[in-house]
Student: 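Dropping a structure here in structure tokens format, bear with me for questions.
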Protein chains: 2
Amino acid sequence: MNTSNLCLGALFMGDASGYEIKHRFETTFSHFQQASFGAIYPALDKLEREGLVSCRIEAQEKRPDKKVFSLTDTGRQHFIDALQTTEPKESCRSDFILLMFYAEFLQPDKLQEVLEKQEAKLQQTIETLTSIRSTRTQSPGALFTLDLGITVQTAALEFLQQRKSDFSDTDQ
Amino acid sequence: MNTSNLCLGALFMGDASGYEIKHRFETTFSHFQQASFGAIYPALDKLEREGLVSCRIEAQEKRPDKKVFSLTDTGRQHFIDALQTTEPKESCRSDFILLMFYAEFLQPDKLQEVLEKQEAKLQQTIETLTSIRSTRTQSPGALFTLDLGITVQTAALEFLQQRKSDFSDTDQ
DNA sequence: ACCTACATGTAACCCGTTACATGATTTG
DNA sequence: CAAATCATGTAACGGGTTACATGTAGGT
């Protein structure tokens with residue numbers, strides 16, 4: 001699924017500006033989709049031209065004006081239709097796993113740094129997901145994905161903590 | 001890390017043709033990196049021009065000729081250097097999780113199909129990783145990544161099996 | 001007869017990231 | 001005083017996928 005449709009999906013959680021949509025990508029969607037401003041803003045332009053979203057400008061005090069987007073009925077239907085024909089494809093690119101694959105060729109201090117960074121990142125993600133889970137009332141689907149994320153990342157974290165000693169300095 | 005460097009990495013497991021390198025991406029690397037022929041063949045060309053790999057042509061009976069690539073010393077060193085400066089970035093794009101996020105908008109039969117496909121895919125991946133783990137003698141790094149893959153995918157599979165009933169027809 | 005595996009390659013196309021430009025306000 | 005947050009946007013560039021082109025051999 002491309003950025004345009006993903007933006008429609010993000011708007012199901014309520015009207016939002018491009019900036020706020022980016023935030024949704026970084027929180028709720030963070031463990032399974034990502035998009036940058038350079039993809040989001042042009043996508044929203046296109047969606048507006050196609051009539052799938054509408055836009056109003058909101059003035060704010062001490063903050064720049066916002067362009068707040070809403071789903072139109074066509075937009076809502078378009079997204080739901082897109083879901084039905086979306087294949088459940090997945091692709092993961094992990095340079096962390098790659099580095100671990102070639103651990104024997106990494107300088108010991110680099111290896112330790114990589115392991116620590118990954119541990120911190122996993123803890124951070126689990127924290128974020130846990131806090132999102134508790135703050136807002138979530139749909140069954142959202143709960144499923146949050147719990148799946150927490151489960152999987154926790155399994156990875158525990159694995160890492162158990163196995164990291166395999167790579168401690170004591171040179172074989 | 002880009003396809004070129006990944007090809008160098010693949011050649012650490014032994015000399016191989018482009019076709020065989022693709023196979024390594026689909027087995028050993030499958031859970032953390034992927035590349036298509038359209039990326040691999042041009043990458044190997046470039047690596048040869050740069051002197052990072054060498055190439056010999058092997059004639060085969062009842063099979064087309066092969067261009068078998070080997071790492072040169074420079075190539076080996078180039079990859080090891082690249083590892084030291086590679087940041088452990090990760091990006092996952094899962095349309096499966098996306099579909100589950102919006103489960104409430106999916107037609108019930110589509111939802112069931114998606115769940116079944118994902119379960120089958122996870123089982124398949126676990127099987128592949130387990131079989132790779134047992135067949136060849138693996139480096140500590142390779143073992144780590146295989147076990148990590150098995151652990152994480154198993155956690156996901158068990159989660160899915162426990163929770164899939166939440167989405168069974170009994171309409172709320 | 002058709003599909004899969006083996007084997008290599010090219011070109012069009014898509015899509016997205018990175019970096020830049022701009023600017024106010026708040027926080028450390 | 002610098003950095004982060006809020007806010008929108010553009011353009012260059014990179015990178016990879018998909019699809020096509022070609023051909024043999026073996027299995028169902």
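Order of the sequence lines fixes the chain letters, A, B, ..., with proteins taken first and strands second; residue numbering starts at 1 for each chain. All values reported here derive from a predicted model rather than from experimental measurement.
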Student: Look at the side chain of A:Lys62 and decide which nucleotide, out of C:dT25, D:dG16, D:dT17, has an atom nearest to it.
Tutor: C:dT25

Student: Whole angstrom is fine here: how far is it from CD in A:Gln33 over to C1' in C:dG16?
Tutor: 13 Å

Student: Have B:Asp81 and B:Gln77 got a donor and an acceptor in their side chains that come within less than 3.5 Å?
Tutor: yes

Student: Checking contacts here: which listed nucleotide (D:dT18, D:dG26, C:dA7) is nearest the side-chain heavy atoms of B:Gln60?
Tutor: C:dA7

Student: Rounded to the Å, how far apart are A:Arg93 CZ and D:dG14 P?
Tutor: 17 Å

Student: Restricting to non-hydrogen atoms, name the atom on B:Arg93 and the atom on A:Gln33 that form the minimum distance, rounded to 0.1 Å.
Tutor: NH1-OE1, 3.2 Å

Student: Output the rounded distance in Å from CG (A:Asn5) to C1' (C:dC14).
Tutor: 15 Å

Student: Given that B:Ala35 and A:Gly18 both sit by DNA chain D, which one's nearest nucleotide is further toward the 5' end?
Tutor: A:Gly18

Student: Just checking A:Gln34: base, sugar-phosphate only, or nothing, at a heavy-atom cut-off of under 4.0 Å?
Tutor: sugar-phosphate

Student: Phosphate oxygens OP1/OP2 of C:dA7: is one of them under 4.0 Å from a side-chain N or O of B:Ser17?
Tutor: no

Student: To the nearest Å, give me how far apart CG (B:Asn2) and P (D:dC13) are.
Tutor: 18 Å

Student: Would you say the ring centroid of A:Phe105 lies under 6.0 angstrom from that of B:Phe79?
Tutor: no

Student: State which of D:dC6, C:dG16, D:dG23 makes the closest approach to the side chain of A:Pro64.
Tutor: D:dC6

Student: For A:Glu61 and D:dC6, what is the distance between atoms CD and P respectively, to the nearest whole Å?
Tutor: 17 Å

Student: Taking 4.0 angstrom as the limit, do B:Glu113 and B:Lys117 come out as a salt bridge?
Tutor: yes

Student: Do the side-chain N and O atoms of A:Glu158 and A:Thr154 include a donor-acceptor pair separated by under 3.5 angstrom?
Tutor: no

Student: Which of residues 37-47 of chain B have a heavy atom under 4.0 Å from DNA chain D?
Tutor: B:Gly38, B:Ala39

Student: Could you report the tightest heavy-atom contact between B:Asp15 and B:Ser70, atom names first, then the distance?
Tutor: OD2-OG, 3.0 Å

Student: Over how many whole Å does the gap from B:Met1 atom CE to D:dG15 atom C1' extend?
Tutor: 15 Å

Student: Does C:dC6 have OP1 or OP2 sitting under 4.0 Å from an N or O in the side chain of B:Tyr19?
Tutor: yes

Student: Please state how far atom CZ in B:Phe25 lies from atom C1' in D:dG16, giving the value in whole angstrom units.
Tutor: 12 Å

Student: Reading DNA chain C from 5' onward, which residue's closest nucleotide shows up sooner: B:Phe69 or B:Arg63?
Tutor: B:Arg63

Student: Which listed nucleotide (D:dT5, C:dC6, D:dG9) is nearest to the side chain of A:Lys67?
Tutor: D:dG9

Student: Taking the ring of B:Phe96 and the ring of A:Phe32, is the distance between their centroids below 6.0 Å?
Tutor: no

Student: Can you measure B:Asp65 atom CG to D:dG23 atom P for me and round it to whole angstrom units?
Tutor: 15 Å

